[in-house]
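See below for the structure under consideration.
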There are 2 protein chains.
Amino acid sequence: MEPLAFHHHDHSHCEGDVMHRAEALAKEQGLRLTPVRKRVLEILLEAHKAMGAYDVLQRLAAEGFGNQPPVAYRALEFLVEHGLAHRIRRLNAFTACMHPGEAHSPAFLICRQCDSVAEADAAGVRAALGASADALGFTIERSNIEALGLCPACKAA
Amino acid sequence: MEPLAFHHHDHSHCEGDVMHRAEALAKEQGLRLTPVRKRVLEILLEAHKAMGAYDVLQRLAAEGFGNQPPVAYRALEFLVEHGLAHRIRRLNAFTACMHPGEAHSPAFLICRQCDSVAEADAAGVRAALGASADALGFTIERSNIEALGLCPACKAA
DNA sequence: GCGTATATGTGATAATATCACAAGTCAAGG
DNA sequence: CCTTGACTTGTGATATTATCACATATACGC
């Protein structure tokens with residue numbers, strides 16, 4: 001897991017790279033990465049930050065896709081379902097997954113200043129959470145771990 | 001931190017107990033636990049599960065308080081702000097805090113079957129999350145940790 | 001090709017949340 | 001007592017986020 005988001009990096013490269021992995025993954029698993037779905041993923045990758053469903057929808061509509069909410073929500077739901085995007089509940093928004101395919105249990109670090117979102121390694125976090133849940137006899141199926149704060153860049157400024 | 005939610009317990013007792021602690025806390029800190037706010041906390045405690053703002057509002061309206069959304073949202077915001085309630089983002093809902101005053105960093109265990117919500121000990125979780133964030137130079141100010149799954153009771157049934 | 005499952009387009013509507021402003025309440029100081 | 005200022009509440013309007021229902025189209029297995 002690379003701490004991509006908070007470091008300078010060749011952005012166009014990371015877009016293409018992630019996109020290729022996503023496509024390979026889709027093929028591998030027999031997923032249908034249709035035009036709308038693919039375009040939504042591209043939009044999220046280009047933005048490189050969390051986007052609301054309606055922001056995505058606006059982009060789609062401008063490109064000739066349907067302009068009703070379900071168009072965006074369905075594509076986003078598909079991507080999230082298959083691990084190609086994540087839903088950031090704190091922001092009512094979505095981001096592209098930067099590590100598609102890699103089994104990862106993401107924790108999100110959300111900068112309250114610049115709204116950037118990074119995926120942090122959450123293996124340890126998840127282990128601790130699992131332990132707490134076990135102690136109560138609770139079985140975890142999914143979890144959201146989101147932190148709000150200041151990213152390195154905004155802290156410096 | 002007691003694993004209250006998933007065990008049989010004298011419910012009316014826990015309501016009164018938490019309410020008393022909340023009132024003491026408010027006095028101590030010079031908070032104004034006004035009628036609406038107090039009533040909202042009571043409603044959450046009585047329900048003993050996550051409630052949407054509009055559910056709370058409906059109860060309030062039936063009791064002669066205002067019936068516009070801000071009435072509920074403001075009271076809920078106040079309670080959350082001061083640690084007397086929690087916002088469960090996954091459910092767009094709110095619960096009473098079962099441990100007011102105790103410095104605690106809650107993780108929420110949400111049963112997808114019965115919608116009960118328990119606060120789990122998250123000290124370890126938070127430590128791990130802090131470590132991940134540090135590694136990226138990110139400073140955490142607040143965080144939400146929510147897990148969805150099956151509570152002991154629903155697992156048995 | 002045919003039939004079936006899946007995906008998309010579209011209009012309507014539901015659910016959640018915030019804004020703006022007026023009116024009321026409370027407490028401290030003159 | 002009475003004024004003042006901060007905070008709280010009531011209310012109407014509106015913004016934002018999300019889902020439903022149903023028709024149409026597209027892709028896939030046979």
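Since we're looking at a predicted model, the values are computed, not measured.
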Inset, instruction - Compute whether any side-chain donor of one residue and acceptor of the other, for K49(B) and T95(B), lie under 3.5 angstrom apart. - result: no
Legend entry - Under-4.0 Å side-chain N/O to phosphate OP1/OP2 contact, N92(B) with dT17(D): no
Legend entry - Any N144(A) side-chain heavy atom under 4.5 Å of R89(B) side chain: no
Legend entry - Integer-rounded Å distance: dT8(D) C1' and F65(B) CZ: 13 Å
Legend entry - Touch class at under 4.0 angstrom, heavy-atom based, for R37(B) against every strand present: sugar-phosphate
Inset, instruction - Rounded off to whole Å, could you give me the CZ-to-P distance for the R39(A) and dT8(C) pair? - result: 15 Å
Legend entry - Pi-cation contact, F78(A) with R37(A) (under 6.0 Å, within 45°): yes
Inset, instruction - In whole angstrom, give the distance that lies between atom CD of Q58(B) and atom P of dA17(C). - result: 16 Å
Inset, instruction - Rounded off to whole Å, could you give me the CG-to-P distance for the N67(A) and dT8(C) pair? - result: 15 Å
Inset, instruction - Report which part of the nucleic acid R74(A) touches: base, sugar-phosphate, or nothing (heavy-atom distance under 4.0 Å, all strands). - result: base
Legend entry - Ring centres under 6.0 angstrom apart (H86(A), F94(A)): no
Inset, instruction - Would you mind telling me which residue lines up with the more 5' stretch of DNA chain C, R32(B) or P69(B), judged by nearest nucleotide? - result: P69(B)
Inset, instruction - Answer with yes or no whether Y54(A) presents, from its side chain, a donor or acceptor under 3.5 Å of a partner atom in the base of dA15(D). - result: no
Legend entry - side-chain N/O T34(B) vs dT9(D) OP1/OP2, d < 4.0 Å: yes
Inset, instruction - Mind calculating the distance between CG (L57(A)) and C1' (dG11(C)) to the nearest angstrom? - result: 14 Å
Legend entry - Y73(B) OH - dG10(D) C1' separation (whole Å): 17 Å
Legend entry - R87(B) vs dA17(C): side-chain N/O to OP1/OP2 distance below 4.0 Å: yes
Legend entry - Nucleotide dA7(C), atom P - distance to CG of L31(A) in whole Å: 10 Å
Inset, instruction - Would you please confirm or rule out a distance under 4.0 Å between OP1 or OP2 of dG10(D) and any side-chain N or O of Q68(B)? - result: no
